[in-house]
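Notes follow once the structure below has been shown.
The model shown is predicted, which means the values in this text are computed figures rather than measured ones. In what follows, chains are A, B, ... by sequence order, proteins preceding strands, each numbered from 1.
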Number of protein chains: 2
Amino acid sequence: MVGRRGSVSMKDVAALAGVSVGTVSNVLNSPDLVAEQTRLRVEAAIEKLGWVRNETARQLRAGDSRSIGMVVMDIANPFFADVVRGAEEFLYQKGYSVYIGNSDQRLDREATLLDHFQQHRVRGVLFASIGASVERAARLRQRGIPVVLVDRAAGAADFCSVGMDDIEGGRLATAHLLSQGHRRLAVIGGPGDLTQVRDRRRGANFALQAAPEASLLVISTELLDVAWGRRAADDLLLLPERERPTAVFALNDLLAIGLLQGLTLAGVRVPEEIAIVGYDDISFAAAAAVPLSSVRQPRAELGALAAELLFEEIRTAESSEHHEHRGVRMTPELVVRQSSLIKS
Amino acid sequence: MVGRRGSVSMKDVAALAGVSVGTVSNVLNSPDLVAEQTRLRVEAAIEKLGWVRNETARQLRAGDSRSIGMVVMDIANPFFADVVRGAEEFLYQKGYSVYIGNSDQRLDREATLLDHFQQHRVRGVLFASIGASVERAARLRQRGIPVVLVDRAAGAADFCSVGMDDIEGGRLATAHLLSQGHRRLAVIGGPGDLTQVRDRRRGANFALQAAPEASLLVISTELLDVAWGRRAADDLLLLPERERPTAVFALNDLLAIGLLQGLTLAGVRVPEEIAIVGYDDISFAAAAAVPLSSVRQPRAELGALAAELLFEEIRTAESSEHHEHRGVRMTPELVVRQSSLIKS
DNA sequence: ACTGCGGGCTGAGACGGTTCAACCGCTAGG
DNA sequence: CCTAGCGGTTGAACCGTCTCAGCCCGCAGT
């Protein structure tokens, strides 16, 4: 016999196997309590009826959800897509299901998503929040739902968080250009109030301290896209050749690509006359007209690490151990390609 | 008082408002059955306790889930990322939550994901399956879970499905090149057993019927990536100039970009000597060294439409109306840019 | 005064699992 | 012979919400 909704329940399995529902439950959750023979009978019944455990009911009674909620700003952004992949991979392996939501950088969407997650009693949340709404996260945590902040300043000391070390990334790119013998450098990108922009610039300055005789020209852009990269090229071309930088650090790859196009169009050869390093190592960087050196961020690893921190926090909460919040910064890596190499 | 797990339940709300739990439930689900004054008291209690409905329990009792499962091959692929966005947007608006899973084109992952979804008793599934495993989908449907196939041949008549009209896309691209006066054409891409490849080529041939004097050279590649595009460029360059095609239809943008690079490196000007049209209109197409004409697929719309079909199937199932499965093909659109324009 | 009626509310089952105290039959030990 | 212990199983309580039959009460109609 089956339930009114046509779905098979444990009761049906129990009946067919000639045992009580308690025993069926034990077969699933504590198989070693059940006699081999009985277990086989129950398993056969499950197989025969095609029964699938109702996770909803399990969760209601057992009280521990096996879902994780994840909020990202934009799943169509390759950066977040990779972060999601990394996190998802880890969590599925641990037996969790993942709810994913786009916030579109809108606060109300963010709120709605967190509401959904709360209603579903997710076991934890990975939160790539746009700026301000950390209080919401705090409220979640207060209700016993651990939250890990993704790609955020670890400033909020009462959360675990993972982020990228943009200062180190800026330093890497700039140090590489210096090591290639360049002394007139430029950094292009903006706007300056983005933490990423600020940190990468800071890293550049940091690297420059090792070469006091070098100069750094800062060109600010309003956006980090191809069009602004082209404009930056024009800016450079206006300079008299002897003042013109011989190497440029572009704060992301789109800028770098725009720059490359602008320079090439004007007949300036890359890297012979101007070397370029980008940032992000988007998949197209390697395929640009001149393969682009770039600072690679371990995106999938970032996601996986965030998931791991969340998992750890959940684990400690369950065993009511003490949990120390950790803010991890991952270090980016420089990928050198043709656009910044002096030919020998 | 609150439950042992620290979470507030309807019972607590009822106690504080001085009513029964039944009334609290009515406030939520049938407010018009409740006297205004009582309603306000209950709402105040909810607010004060910060109660959030336990969706898990609701679903168990009410029997209707408000989650949708979605399987994609690779969320990091921009194509699917956009499809997901479109679907998610629609479903959230309808009050559904969305579980997302990457299959990585692996059958076992696909199976695991569908298992999870089944355990969570999702209300429906959006399934971008890699080839063969339609039987799994069939089993789901058989258990009352509607499934809509995404980006699949609508061949399986017993499912709703959405896909792209690749034949039309191929026709569009080729007709455009013909209209620009080209008569020696080439189509590059492969492998030939991908439906997408086959259909786009078929569309190209279809367009050619309108210009019997034109010729079409087919260059096959093993993959649809930049490297193979470069090789195809070499192939073209081996031809004596008077036999060489003056226009190329590349079956995706990565090929087109590789081709563009190969030709440019060899000093062949695009579009003056060889015109190029790509496919997919990836975000980089517009930013290539020569902005690339391309066939754009309405990716987000594809996702939204899939979601809509699923929603519709769910609705009819609930009202036990008859449901006619629909296979929808969306038509792509040609975006003309510099790479295929004769300068005048 | 009695009946009928309807708005407003209550309270007791479900829903499908998990969990745990209790029980059963049986063997080993005293 | 009695008790203790043990592997194996049972059955009922419970998780938080929805639903629905039924109750209470005040009012209109006769």
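- One finds the CD1 atom of I75(B) at 7.5 Å from the CD atom of E88(A) (value rounded to the nearest 0.5 Å).
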Which donor-acceptor pairs under 3.5 Å do side chains of residues 30-41 of chain A form with protein atoms, sequence neighbours excluded?
unit_1 : atom_1 : unit_2 : atom_2 : d
R39(A) : NE     : E43(A) : OE2    : 3.4
R41(A) : NE     : A17(A) : O      : 3.1
R41(A) : NH2    : A17(A) : O      : 3.3

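- Partners of R58(B) by salt bridge (charged side-chain N to carboxylate O under 4.0 Å, His left out), not counting sequence neighbours, listed by chain and number: E55(B), D64(B).
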Could you pull out every donor-acceptor pair under 3.5 Å between side chains of residues 89-97 of chain A and any protein atom, sequence neighbours left out?
unit_1 : atom_1 : unit_2  : atom_2 : d
S97(A) : OG     : H116(B) : ND1    : 2.6
S97(A) : OG     : H120(B) : NE2    : 3.2

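- For the pair K11(B) NZ and dC15(D) C1', the computed distance is 9 Å after rounding to whole Å.
- For dG16(D), the OP1/OP2 oxygens have no side-chain nitrogen or oxygen of S9(B) closer than 4.0 Å.
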Any N/O pairs under 3.5 Å between the protein and nucleotides 22-27 of chain D? List them or say none.
none

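- Partners of R85(B) under the salt bridge (charged side-chain N to carboxylate O under 4.0 Å, His left out) rule, at least two apart in sequence or in another chain, are D74(A), D104(A).
- Contacts between residues 21-41 of chain A and DNA chain C, counted as heavy-atom distances below 4.0 Å, involve G22(A), S25(A), N29(A).
- Evaluation of atom-type donor-acceptor distances gives a pair under 3.5 Å for the side chain of R61(B) against the base of dC18(D).
- Residues satisfying the side-chain contact (heavy atoms from CB on, under 4.5 Å) criterion with P78(B), sequence neighbours excluded, are absent altogether.
- The salt bridge (Lys or Arg N to Asp or Glu O under 4.0 Å) pairs that include a residue from residues 304-313 of chain A are E312(A)-R315(A), where partners are two or more places apart or lie in different chains.
- Contact of R58(B) with dC18(D) (side chain to base): no donor-acceptor pair of N or O atoms is detected under 3.5 Å.
- With sequence neighbours excluded, no residue satisfies side-chain hydrogen bond (donor to acceptor under 3.5 Å, both in side chains) with T112(A).
- The rotation axes computed at either terminus of the helix from dA1(C)-dT30(D) to dG30(C)-dC1(D) lie 60° apart, taking five pairs at each end and rounding to 10 degrees.
- In this view, Q118(A) and R143(A) satisfy the side-chain hydrogen bond (donor to acceptor under 3.5 Å, both in side chains) rule, not counting sequence neighbours.
- Take E318(A) and apply the salt bridge (charged side-chain N to carboxylate O under 4.0 Å, His left out) test, not counting sequence neighbours, and it matches R123(A).
- Look at R53(A) and you'll find a side-chain N or O under 4.0 angstrom from OP1 or OP2 of dT18(C).
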